[in-house]
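Below: the structure, in structure tokens.
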There are 2 protein chains.
Amino acid sequence: MGGGGGGSGEVEEGVTVVESREWFLSAYAPEGLPTSDHLKLRTVSLSLSVDSIPDQHVALQLLWISIDPYLRTRMTGHEDGLYFPQFTLNEVITAFGMARVIRSKNSKFTEGDIVLHPFAPVAEYCVVLSDFLRKADPTAGIALPDYLSCLGVPGFAAWIGIEVLGNPKPGSNVFVSAAAGGVGMFAGQLAKIKGCRVVGSTGSDEKVKLLKEEFGYDEAFNYNKETDFDVALSKYFPNGIDAYLDNVGGKMLQAVLNHVNKGARIPVCGMISQYNKIWTEREGVRNLLNIVGKEVKIEGFIIGSYLDRWGEFAKEMEGHIKEGKIHSKHKIYNGIESFLESLASIFSSSNVGKVLIQVKP
Amino acid sequence: MGGGGGGSGEVEEGVTVVESREWFLSAYAPEGLPTSDHLKLRTVSLSLSVDSIPDQHVALQLLWISIDPYLRTRMTGHEDGLYFPQFTLNEVITAFGMARVIRSKNSKFTEGDIVLHPFAPVAEYCVVLSDFLRKADPTAGIALPDYLSCLGVPGFAAWIGIEVLGNPKPGSNVFVSAAAGGVGMFAGQLAKIKGCRVVGSTGSDEKVKLLKEEFGYDEAFNYNKETDFDVALSKYFPNGIDAYLDNVGGKMLQAVLNHVNKGARIPVCGMISQYNKIWTEREGVRNLLNIVGKEVKIEGFIIGSYLDRWGEFAKEMEGHIKEGKIHSKHKIYNGIESFLESLASIFSSSNVGKVLIQVKP
């Protein structure tokens with residue numbers, strides 16, 4: 001690979017310039033799925049010479065990128081419901097990523113280190129400030145993609161939702177929507193580890209099977225086949241719902257509020273059914289009155305506010321992984337060019353498991 | 001007053017039978033205001049002879065009855081959103097009341113004691129189990145009606161909403177809806193005592209004036225004059241809302257969710273705008289997605305679940321009353337026959353203050 005080494009293979013010591021493909025937003029998409037009208041790929045030249053990398057910065061070669069639903073909310077051009085600020089037009093977009101350090105101007109990092117960056121450029125290469133980097137330990141017996149799934153954004157969201165906010169007891173009736181998605185997959189397993197009865201909703205019969213056979217859900221149903229969510233929840237929750245990890249919002253949340261038990265908790269980490277709609281077209285929840293008599297707590301959360309508990313989470317989750325109690329399923333897209341397709345997939349009911357891009361094999 | 005002493009004046013020692021008027025529900029009212037088609041007054045004869053009063057029971061002459069919005073939810077005939085079970089048809093209905101003990105088969109209570117009963121029959125006289133009775137101290141320097149307002153259901157609901165769940169800090173921006181009603185009146189004053197900036201919404205210009213001049217609200221607005229709640233909240237909360245004590249639900253809650261600050265708390269003690277509607281006609285809240293990014297906590301509560309904190313509440317509130325920091329405004333209806341009219345009044349935007357029935361002057 002020479003000076004314009006297009007992003008495949010190692011970046012050798014002498015190389016001073018790489019060509020890097022990166023995604024940027026050329027226009028906001030207030031509703032519907034973002035398309036190639038909004039998201040575009042371009043190639044930029046990146047200098048890797050020692051002089052061109054500022055102090056405390058590192059040059060990274062991206063290995064894996066985590067595709068999560070919240071990314072969609074940074075592309076609407078308006079701030080309602082936002083988790084993070086809108087992406088700036090024409091600048092490279094960012095996502096949770098894993099990378100290899102290829103140049104370092106911070107003594108804490110050495111070339112070859114595998115690091116995680118919560119806001120990594122969606123690019124093949126980048127030069128970034130090293131403040132937000134965390135090292136992954138490739139000798140810990142954990143598969144690298146797991147750092148972006150059970151040990152990454154979705155695993156931590158599931159853990160906050162179940163362990164911290166939902167806090168179900170052994171025997172509690174726990175419901176998880178988008179159950180075969182990144183967060184739901186781990187939420188159900190964590191609730192099972194706590195001794196709960198767990199039911200999940202998902203978008204295909206294949207995923208219903210997966211939830212019951214691979215992820216240990218007691219029951220699961222295909223919401224596309226249920227004409228009346230109320231009837232479905234009556235069937236699957238004859239004793240009511242004690243905790244609901246809401247990933248979808250809208251009609252499912254409304255149905256749940258007709259089946260909550262006294263003191264039920266509803267941590268909300270997203271409302272994926274609503275992301276592609278402008279807010280005036282979003283589904284209204286008509287039965288919020290139910291939260292009063294049943295003393296329900298509905299609580300939105302973003303994982304960035306719980307970073308002080310990351311260590312506790314990682315230790316617990318690593319323990320579960322090593323004991324074989326947590327299984328992951330990944331949907332892997334290959335190459336940075338697959339970003340648009342991978343983003344669309346998480347809004348499709350056919351998606352199974354945590355969506356990742358393997359930027360470099 | 002003889003054996004059939006119709007409910008006015010004292011009940012003398014020798015009297016063994018009283019005629020008592022009482023309200024019962026003859027039919028449920030799923031929507032709209034309950035009328036004389038649903039609520040009826042009848043006269044019953046009550047034996048006061050020692051033999052006819054069971055052990056641990058007392059005979060009471062009602063003095064005051066507290067008219068609170070939750071009563072409406074016990075008359076719908078269906079259980080959604082319920083606080084308490086539905087009233088049983090043809091049985092006397094119950095409400096928080098103050099009474100004088102006229103006969104006692106419990107050594108803890110003496111004739112002449114003034115007592116409070118959370119579920120007193122809406123009647124002139126009654127014989128009840130004494131388990132739920134609490135004595136009021138007429139020598140404590142507190143006006144008797146205050147036991148049913150700032151020291152009763154609405155005062156306690158306001159205290160739980162502000163002190164326990166809303167928990168605003170000095171300088172926090174606090175919004176209270178139905179601000180001139182029973183709960184709102186005290187909620188605003190409690191938030192002011194905590195050093196917050198407090199804004200209330202209410203249903204008339206007269207009440208806007210009252211909130212600002214008598215109850216110390218920093219600002220208040222007449223929701224009937226605002227065509228767009230979003231515009232109103234932008235104006236009154238240029239720095240956003242940190243805590244919202246929701247008494248009304250519906251469109252106002254939706255508007256608030258467009259103005260919440262990070263970590264805002266929304267304790268909900270009722271949704272009075274929705275009580276007279278069947279649930280399919282209730283207003284949907286379309287922007288719940290906002291709770292995720294802003295990490296908002298919406299929490300329904302009923303005061304019955306916080307009775308272990310009543311002592312703490314009463315001590316604090318009595319202190320405020322004696323220091324002149326809490327003002328009450330009562331709308332007093334006279335005579336048990338005014339129940340229907342007094343219940344209707346709390347759903348009218350012209351109602352001001354805590355609605356009470358003085359059963360016996």
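These figures come from a predicted structure and were not determined experimentally. Below, chains carry the letters A, B, ... as their sequence lines are ordered, and counting in each starts from 1.
For the residue pair E295(B) and Y306(A), the shortest heavy atom distance occurs at OE2-CE1, 3.7 Å. The two residues K262(B) and I302(A) come nearest to each other via the heavy atoms NZ-CD1, 3.0 Å.
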Can you check side-chain contact (heavy atoms from CB on, under 4.5 Å) on K297(A) and L165(B), steps first, answer last? CA-CA 11 Å; K297(A) 194 188 290 186; L165(B) 302 178; over 6 Å; no
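Tested against L288(A), the residues V285(B), I298(B), D246(B) include a single side-chain contact (heavy atoms from CB on, under 4.5 Å) partner, V285(B).
Taking CD1 from I266(B) and CD from E299(A), the interatomic distance works out to 12.0 Å, rounded to the nearest 0.5 Å.
Using a 4.5 Å cut-off between heavy atoms, L253(B) touches chain A through its side chain atoms alone.
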